J.: 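Questions regarding the structure given below will be posed in turn.
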2 protein chains.
Amino acid sequence: MTSRGKRFGAPHDGASRPTADKSERGIPEATVARLPVYLRALVTLSDRGIATCSSEELATAAGVNSAKLRKDLSYLGSYGTRGVGYDVEYLRYQIAREIGVTQDWPVVIVGIGNLGHALANYSGFSSRGFRIAALLDADPGRQGEVVGDLPILAFDRIEELVAEHGVAIGVIATPAPAAQAVCDRLVAAGITSILNFAPTVLAVPEGVDVRKVDLSIELQILAYHEQRKAGLLDRIDPGLPDTTPAMPGKTTTAKAVG
Amino acid sequence: MTSRGKRFGAPHDGASRPTADKSERGIPEATVARLPVYLRALVTLSDRGIATCSSEELATAAGVNSAKLRKDLSYLGSYGTRGVGYDVEYLRYQIAREIGVTQDWPVVIVGIGNLGHALANYSGFSSRGFRIAALLDADPGRQGEVVGDLPILAFDRIEELVAEHGVAIGVIATPAPAAQAVCDRLVAAGITSILNFAPTVLAVPEGVDVRKVDLSIELQILAYHEQRKAGLLDRIDPGLPDTTPAMPGKTTTAKAVG
DNA sequence: AGGAGTTTGTGAACGTGGGAACAAACCGAG
DNA sequence: CTCGGTTTGTTCCCACGTTCACAAACTCCT
Ligand SMILES: NC(=O)c1ccc[n+]([C@@H]2O[C@H](COP(=O)([O-])OP(=O)(O)OC[C@H]3O[C@@H](n4cnc5c(N)ncnc54)[C@H](O)[C@@H]3O)[C@@H](O)[C@H]2O)c1
Ligand SMILES: NC(=O)c1ccc[n+]([C@@H]2O[C@H](COP(=O)([O-])OP(=O)(O)OC[C@H]3O[C@@H](n4cnc5c(N)ncnc54)[C@H](O)[C@@H]3O)[C@@H](O)[C@H]2O)c1
């Protein structure tokens with residue numbers, strides 16, 4: 001999913017580094033993707049005043065298997081107490097620290113159109129470890145407009161902003177044709193993590209992380225399964241030969257139709 | 001990622017069904033998630049007037065390994081020509097058919113706030129196999145407003161709309177606390193595929209697919225890797241004991257600090 | 001026709017992820 | 001202190017996903 005350079009090196013380097021303690025070495029990607037879910041569940045429990053929880057309870061809240069939860073947490077360290085469970089506040093802090101959201105990360109958003117406006121107005125950003133540092137757009141007509149306390153600035157100022165605020169994370173919400181150019185400029189300015197909303201594959205150099213959020217892909221995946229569910233009931237005859245493009249050069253032993 | 005009931009049954013049922021032709025039986029989930037990417041790449045090639053492409057070219061355009069691409073396509077059937085490559089139009093149609101986007105899917109969007117407005121205005125929906133059938137919101141103050149050609153309707157009308165238009169896919173863009181209730185109502189109305197933008201784990205009955213799009217999880221994953229990149233250079237000393245909550249009952253052989 | 005060059009489709013090896021099951025560790029009662 | 005009950009951390013095993021590598025199949029040139 002993440003088109004990242006293979007930075008974590010050999011996973012099978014077996015006992016090469018005796019001094020490596022557990023929390024320093026390679027947490028599996030699948031686990032990393034679930035830690036935020038656990039963190040959110042813990043926050044919810046904490047807000048309800050619950051001080052302790054078992055792996056079973058937390059797993060249910062996070063929508064996963066309890067065995068998986070325990071294994072995931074074991075990559076961070078031994079933060080539970082056998083026979084008791086996990087201290088909610090303590091575990092919450094440990095996960096937040098591991099993810100890196102104990103302090104705020106500044107984020108720039110590029111492309112303040114439909115989607116960019118929604119993102120800029122979104123309060124869920126700042127509530128968990130992220131702070132919008134700047135809103136950028138190439139369209140002079142949009143520049144100066146204030147969205148959610150911040151003015152829209154010219155995209156040209158990206159280098160200055162990255163240098164000044166130490167921004168490492170950029171969000172791309174421009175139209176697809178502009179995304180690669182914007183991405184290149186962000187990388188050149190020093191951005192090393194990109195969240196891409198534009199429906200394009202972005203090429204980035206080694207060391208830069210890209211994650212994509214792609215609405216139409218998600219819908220298409222749902223459509224595939226939906227079609228499958230329907231097909232299991234209806235059994236539509238496969239092959240509507242009218243609208244089907246012919247297989248081009250497929251001269252299977254030269255047996256044409258005529 | 002998808003909290004779906006195990007519908008594809010035993011994957012290791014080895015040769016149980018001799019009559020099952022290739023395109024009918026279980027395409028791997030990882031492959032399904034990539035098919036839309038291939039489809040988009042093919043559309044781009046097609047728009048450029050390119051009639052034929054090799055697996056290498058298509059793989060590059062899609063940002064994947066060519067071996068992976070070929071294996072993925074092999075689950076659909078043998079649609080290429082050895083020594084030549086793939087016919088762009090033909091492959092495009094085959095993938096679209098497999099995903100199920102040769103005809104349009106009606107979609108309802110629930111919660112027309114910041115994000116819902118952006119979605120309703122988004123043209124990328126209709127351009128690829130989806131059509132917004134209705135916009136719903138529980139707030140009477142919003143009802144009647146027209147967004148992107150469609151009026152916002154009362155959420156109560158969901159059953160009627162599902163029955164009338166045969167809607168199978170719902171998008172949830174309400175605040176998190178309302179999401180589960182909305183989800184339950186959608187499922188009761190007959191919706192069997194849900195795309196959830198609210199930061200909550202949704203519980204659904206067997207046979208209903210849920211996919212989530214979670215901005216803050218994506219950012220946290222980026223933050224984790226970002227922290228790691230920084231840590232490999234800086235080597236910040238691990239353990240800021242001041243802000244660290246104490247491990248609660250951890251009386252490791254009763255050796256207290258004092 | 002035959003051979004050189006290309007490119008697909010797939011078998012096999014390898015790595016990653018998920019889940020059951022269990023020993024180790026902890027608590028509280030007596 | 002010991003014992004029974006509880007819950008974690010970990011091990012083992014299997015399924016899934018990725019990549020390599022190569023035979024099969026096709027085109028084009030001679
Ligand atoms: N709107 C949605 O709900 C939605 C959903 C999914 C995906 N997307 C994707 O998100 C992206 C943005 O969608 P949108 O609806 O907000 O589009 P939009 O046209 O409303 O906004 C795009 C903004 O990007 C700016 N822009 C264009 N080129 C730029 C450049 N080179 N540098 C900086 N800014 C530039 C434009 O001035 C504009 O303000 C698109 O790629 C779209 O496909 C949107
Ligand atoms: N805005 C963003 O950029 C963004 C980004 C990521 C995630 N999200 C998530 O998407 C969701 C929507 O975000 P938003 O910013 O649009 O919020 P919003 O408050 O602007 O809009 C929510 C809308 O849902 C409606 N609603 C509330 N309860 C409802 C119910 N029971 N039934 C039907 N409609 C109901 C409200 O009337 C409102 O119009 C939230 O869960 C948010 O966390 C938003």
Side-chain angles (χ1 to χ4, degrees), chain A residues 1-4 6 8-14 22-23 26-35 52-60 62-87 90-91 94 247-254, chain B residues 1-4 6 8-14 22-23 26-35 52-60 62-87 90-91 94 247-254:
Chain A
M1 209 137 285
T2 310
S3 67
R4 191 169 12 83
K6 39 204 69 168
F8 299 152
H12 49 57
D13 57 349
K22 192 179 289 180
S23 69
I27 295 179
E29 198 56 34
T31 297
V32 171
R34 283 187 294 267
L35 290 180
T52 294
C53 69
S54 69
S55 66
E56 200 71 51
E57 294 166 314
L58 186 52
T60 305
V64 300
N65 185 308
S66 71
K68 199 191 296 192
L69 171 75
R70 288 201 299 278
K71 179 175 278 195
D72 283 342
L73 294 184
S74 79
Y75 291 115
L76 311 189
S78 259
Y79 295 138
T81 308
R82 298 176 185 211
V84 178
Y86 300 93
D87 181 87
Y90 184 66
L91 183 57
Q94 292 299 339
M247 180 77 188
K250 213 66 167 184
T251 53
T252 314
T253 63
Chain B
M1 206 138 286
T2 309
S3 66
R4 191 172 10 89
K6 40 203 70 170
F8 300 152
H12 49 57
D13 56 350
K22 192 178 289 179
S23 69
I27 295 180
E29 198 56 33
T31 297
V32 171
R34 282 188 294 265
L35 289 180
T52 294
C53 69
S54 69
S55 67
E56 199 70 50
E57 293 166 315
L58 185 53
T60 305
V64 300
N65 186 308
S66 73
K68 199 190 295 192
L69 170 75
R70 286 201 301 277
K71 173 147 280 192
D72 283 342
L73 294 185
S74 78
Y75 291 115
L76 311 189
S78 259
Y79 295 137
T81 308
R82 298 176 186 214
V84 179
Y86 300 93
D87 181 86
Y90 184 66
L91 184 57
Q94 292 299 337
M247 180 78 189
K250 212 66 168 185
T251 54
T252 313
T253 63

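Note that the structure is predicted; figures quoted are calculated from it, not measured. Numbers restart at 1 for each chain; the letters A, B, ... are given by sequence-line order, proteins then strands.
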J.: Specify the separation, in whole Å, of atom CG of A:D72 and atom C1' of C:dG17.
T.: 10 Å
J.: Within this structure, what is the CG-OH distance for the pair B:L35 and B:Y75, rounded to the nearest 0.5 Å?
T.: 11.0 Å
J.: Go through D:dT18, C:dA20, C:dT10 for me and flag the one nearest to the B:A30 side chain.
T.: D:dT18
J.: Between C:dT6 atom P and B:L58 atom CG, what is the distance in whole Å?
T.: 20 Å
J.: Looking only at side-chain N and O atoms, does B:N65 come under 4.0 Å of OP1 or OP2 in D:dG17?
T.: no
J.: Rounded to whole angstrom units, what separation is found between the NZ atom of A:K68 and the P atom of D:dT10?
T.: 19 Å
J.: Take B:A67 and A:P28, find for each the nucleotide of DNA chain C with the closest heavy atom, and name the residue whose nucleotide sits nearer the 5' end.
T.: B:A67
J.: What's the closest nucleotide to the B:T81 side chain, out of C:dC26, D:dC26, D:dA21?
T.: D:dC26
J.: A:L69 CG to D:dT8 C1': how many Å, rounded?
T.: 11 Å
J.: Going from CG on B:D72 to OG on B:S55, what distance comes out if it is rounded to the nearest 0.5 angstrom?
T.: 11.5 Å
J.: Consider the side chain of A:V84, meaning its heavy atoms from C-beta on, and name the nucleotide among D:dT18, C:dG9, C:dC27 that approaches it most closely.
T.: C:dC27
J.: What is the distance, rounded to the nearest whole Å, between atom CZ of A:R82 and atom P of C:dA21?
T.: 19 Å
J.: Side chain of B:S55 only, please: which of C:dT8, D:dT19, D:dG9 is the nearest?
T.: C:dT8
J.: Send over the distance from A:E57 CD to D:dT8 C1', rounded to a whole Å.
T.: 14 Å
J.: Look up atom CG in A:L73 and atom NZ in A:K71, then write down how far apart they are to the nearest 0.5 Å.
T.: 12.5 Å
J.: Can you check the A:Y86 OH to C:dA25 P distance for me, whole Å?
T.: 15 Å
J.: What's the spacing between A:R34 CZ and A:T31 OG1 if we round to 0.5 Å?
T.: 5.0 Å
J.: Please tell me which of the listed nucleotides, C:dC22, C:dG18, C:dA23, lies nearest to the side chain of A:K71?
T.: C:dG18
J.: To the nearest 0.5 angstrom, please state how far the CZ atom of A:R70 sits from the CG atom of A:L58.
T.: 11.5 Å
J.: Rounded to whole angstroms, how far apart are CZ on B:R70 and C1' on D:dA24?
T.: 13 Å
J.: With respect to the side chain of B:S54, which nucleotide from D:dT10, C:dG11, C:dT7 is positioned closest?
T.: C:dT7
